[in-house]
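See structure below.
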Amino acid sequence: MNIFNWVKKTWNKLGPGFVTGAADDDPSGVATYSIAGAQFGYKLNWMALFLIPAMISIQEMCGRIGMNTGRGLAGTIKKYYSKKLLYFAVSLLAVANIINIGADLGIMAACMKMLFGFHHYYWLLICAIFIIWMEIGISYKHYSKFLKWMALALCVYIATAFLVKQDWKLIAWYTFVPHIDLKLGYILTMVGFLGTTISPYLFFWQASEQVEQQIDQGKIRDFKQAPKIFPREIKQMQWDTKAGMIFSNLMAFFILLTTAATLHNMGITNISSPQQAAMALKPLAGNFAYVLFAIGIIGIGWQSIPILAGSVGYALAETFGQRQGLSKDFKKAKEFYLIIALSTIVGLLLNLLGVDTIKALYWAAIINGVVAVPLIAIIIKLADDERIVGKFKTKKHYRIIGWSAFTLMLLAVGVMVVGMVRG
């Protein structure tokens with residue numbers, strides 16, 4: 001088998017896990033990682049490495065729940081746990097996602113304006129309409145392929161990281177030795193880093209997409225039908241999830257390296273506009289840095305905003321017993337698609353508040369970091385419940401890693417809150 005055929009075969013094997021991991025590097029993620037690199041240089045490198053096992057563990061749990069139950073996370077909570085817990089989890093998701101959608105739409109519109117001119121609000125409307133049309137008008141088979149290809153937009157940061165002068169000894173030190181600073185600015189960025197890496201919308205999205213994949217493969221006809229799962233299928237899901245989470249953190253790592261070696265070294269530690277963030281790509285693209293940055297942000301926005309809105313759609317549709325699924329056309333799942341459209345529209349309207357684009361992306365990541373904490377605890381319990389996953393209960397090392405991630409995030413959020421209260 002030649003290298004081309006091997007790459008093609010491997011690419012075709014990638015599914016919900018890879019798409020979920022790639023969607024993690026949404027515009028909010030790019031902004032947060034850029035701010036981290038610009039403000040603190042290489043000091044947050046260790047998080048890109050140390051969060052890989054945590055992401056794999058938690059997303060593997062979500063995938064296993066979806067595969068074994070034929071339900072998303074909301075549907076699983078609804079069947080086996082209390083309605084109070086269901087409403088709590090779904091409310092957290094909806095609030096965090098809509099804020100995230102609004103922030104991502106804002107930066108996309110700013111980048112469109114940077115490329116083509118016209119008013120910011122004009123591009124906001126265009127972006128929102130196009131994204132709603134993509135989720136409603138394109139079949140899931142074609143749409144899932146589109147999502148995979150959009151993930152490659154971030155590879156420009158890998159090229160740039162190797163074009164600029166790097167202190168590889170310092171990089172190695174801060175990558176393998178965790179650096180903790182209790183100053184509020186560092187803790188805020190750390191919580192944002194955690195929130196944009198281990199994000200609530202990824203939990204709900206992957207569980208539901210594993211069900212969509214089984215419908216697409218003809219194993220089940222619809223949600224709520226529990227398929228017969230074999231160990232080899234669990235292993236394939238785990239491989240796919242590992243590939244997605246490693247890709248996600250690899251992109252985060254190279255965004256950190258690029259912005260640390262460019263913006264931080266130039267003394268730009270406070271990013272306040274897309275133009276400033278784009279300067280990180282100047283060594284690769286020269287005067288076309290703005291264009292390359294804008295195209296990348298727009299590309300990953302097309303990928304991630306539908307996933308943000310889609311995860312709200314899945315969660316609310318399951319909560320209120322409505323039909324759902326991107327594999328269905330609009331007529332067969334009207335409420336599901338209307339929730340997606342409404343989530344996107346509310347996100348658009350948030351931009352009318354006039355919040356600074358980069359700050360909105362940064363705070364969206366911090367909100368995700370806070371919201372993820374209780375959701376991780378819920379997921380760990382679900383994935384270890386024999387009624388839900390049968391014989392495929394969580395392996396001990398995944399459980400330890402999951403609770404360790406929960407503890408780290410809880411501590412980080414606690415320190416952040418104390419710091420903010422003290423002013």
Side-chain angles (χ1 to χ4, degrees), residues 20 23-24 26-29 58-59 62 65-66 71-79 81-106 128 131-132 135-136 191-192 194-196 198-209 211-212 223 301 304-326 333-353 355 360-361 363-379 382 409 413:
T20 302
D24 189 40
D26 68 328
S28 176
I58 294 161
Q59 290 304 138
C62 297
I65 291 165
R71 300 168 187 266
L73 286 183
T76 304
I77 296 169
K78 183 179 181 180
K79 182 176 180 181
Y81 291 90
S82 70
K83 283 189 176 180
K84 285 182 180 178
L85 184 63
L86 172 67
Y87 295 148
F88 172 71
V90 172
S91 297
L92 289 178
L93 173 80
V95 170
N97 278 22
I98 289 169
I99 292 170
N100 213 146
I101 289 168
D104 285 357
L105 280 172
I131 285 167
I132 292 168
E135 287 217 327
I136 295 174
V191 172
L194 288 163
T196 202
I198 303 177
S199 300
Y201 69 93
L202 302 182
F203 310 156
F204 286 80
W205 175 261
Q206 184 163 355
S208 294
E209 288 315 289
V211 184
E212 291 276 19
F223 279 75
S304 56
I305 295 175
I307 289 176
L308 282 156
S311 57
V312 177
Y314 283 120
L316 290 178
E318 284 192 311
T319 298
F320 298 108
Q322 304 297 330
R323 296 197 73 190
Q324 64 193 289
L326 294 173
K334 286 181 183 177
E335 292 82 1
F336 170 72
Y337 284 113
L338 287 172
I339 292 167
I340 288 172
L342 186 61
S343 300
T344 309
I345 291 166
V346 174
L348 181 152
L349 294 175
L350 289 178
N351 283 274
L352 302 180
L353 298 174
V355 180
L361 293 165
W363 281 99
I366 291 171
I367 290 165
N368 275 321
V370 175
V371 169
V373 177
L375 292 178
I376 289 171
I378 293 168
I379 288 162
L382 293 176
M409 294 184 77
V413 169

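Excluded from the calculations below are hydrogen atoms, water molecules and symmetry mates; all remaining heavy atoms, backbone and side chain alike, are included. Here, residue 1 is the first one in the sequence, and each next residue gets the next number.
- Contact between Ala94 and Val312 at its shortest, heavy atoms only, is CA-CG2, 4.3 Å.
- Atoms CG and CD1, on Leu350 and Ile98 in that order, are 7.5 Å from each other to the nearest 0.5 Å.
- Proximity of Phe203 to Ile198: side-chain heavy atoms (C-beta onward) are separated by under 4.5 Å at one or more points.
- Using a 4.5 Å heavy-atom threshold, the side chains of Asp104 and Leu361 count as touching.
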Validation: residues 81-89 side-chain donor-acceptor distances under 3.5 Å, sequence neighbours left out:
| residue | atom | partner | partner atom | Å |
| --- | --- | --- | --- | --- |
| Tyr81 | OH | Asp385 | OD2 | 2.9 |
| Ser82 | OG | Leu85 | N | 3.2 |

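- Remark: Ile307 CD1 to Gln206 CD distance equals 10.5 Å, nearest 0.5 Å.
- Two residues are said to be in side-chain contact when any heavy atoms from C-beta on lie closer than 4.5 Å; Ile99 and Trp363 fail this criterion.
- The side chain to side chain contact (heavy atoms under 4.5 Å, CB included) search around Val370 returns Val413, Met416, not counting sequence neighbours.
- No side-chain heavy atom of Asn100 sits under 4.5 Å from any side-chain heavy atom of Ile367.
- In this structure, the side chain of Ser311 engages the main chain of Leu308 through a donor-acceptor pair within 3.5 Å.
- Atoms CG and CD1, from Asn351 and Ile101 in turn, are 11.5 Å apart once rounded to the nearest 0.5 Å.
- Here the shortest heavy-atom pairing between Ile131 and Pro306 reads CG2-CG, 3.8 Å.
- For the pair Glu212 (side chain) and Leu326 (backbone), a donor-acceptor distance under 3.5 Å is present.
- For the atom pair CG of Leu316 and CG of Leu342, the computed distance is 9.5 Å after rounding to the nearest 0.5 Å.
- Put simply, OG on Ser199 and CG on Leu375 are 11.0 Å apart, with the number rounded to the nearest 0.5 Å.
- To the nearest 0.5 Å, atoms CD1 (Ile339) and CD (Gln322) are separated by 7.0 Å.
- Between Glu318 and Lys78 there is no side-chain heavy-atom pair separated by less than 4.5 Å.
- Between Ala74 and Ala315, the shortest heavy-atom distance links the atoms CB-O, 3.5 Å.
- Looking only at side-chain heavy atoms (C-beta outward), Thr196 and Asn368 stay at 4.5 Å or farther from each other.
- Side chain to side chain, Asn97 and Ser343 fail the donor-acceptor criterion of an N or O pair below 3.5 Å.
- For the residue pair Ser208 and Gly72, the shortest heavy atom distance occurs at OG-CA, 3.7 Å.
- Here the closest non-hydrogen pair linking Ala365 and Gly192 is CB-O, 3.4 Å.
- Counting only distance, with no hydrogens or angles, the side chain of Tyr314 and the backbone of Ala309 share no donor-acceptor pair below 3.5 Å.
- What you find for Met409 and Gly195 is that their closest heavy atoms are CE-N, 4.5 Å.
- Contact of the Val371 side chain with the Tyr201 side chain is not registered, since no non-hydrogen atoms from C-beta on lie closer than 4.5 Å.
- A heavy-atom distance below 4.5 Å is found between the side chains of Leu105 and Thr344.
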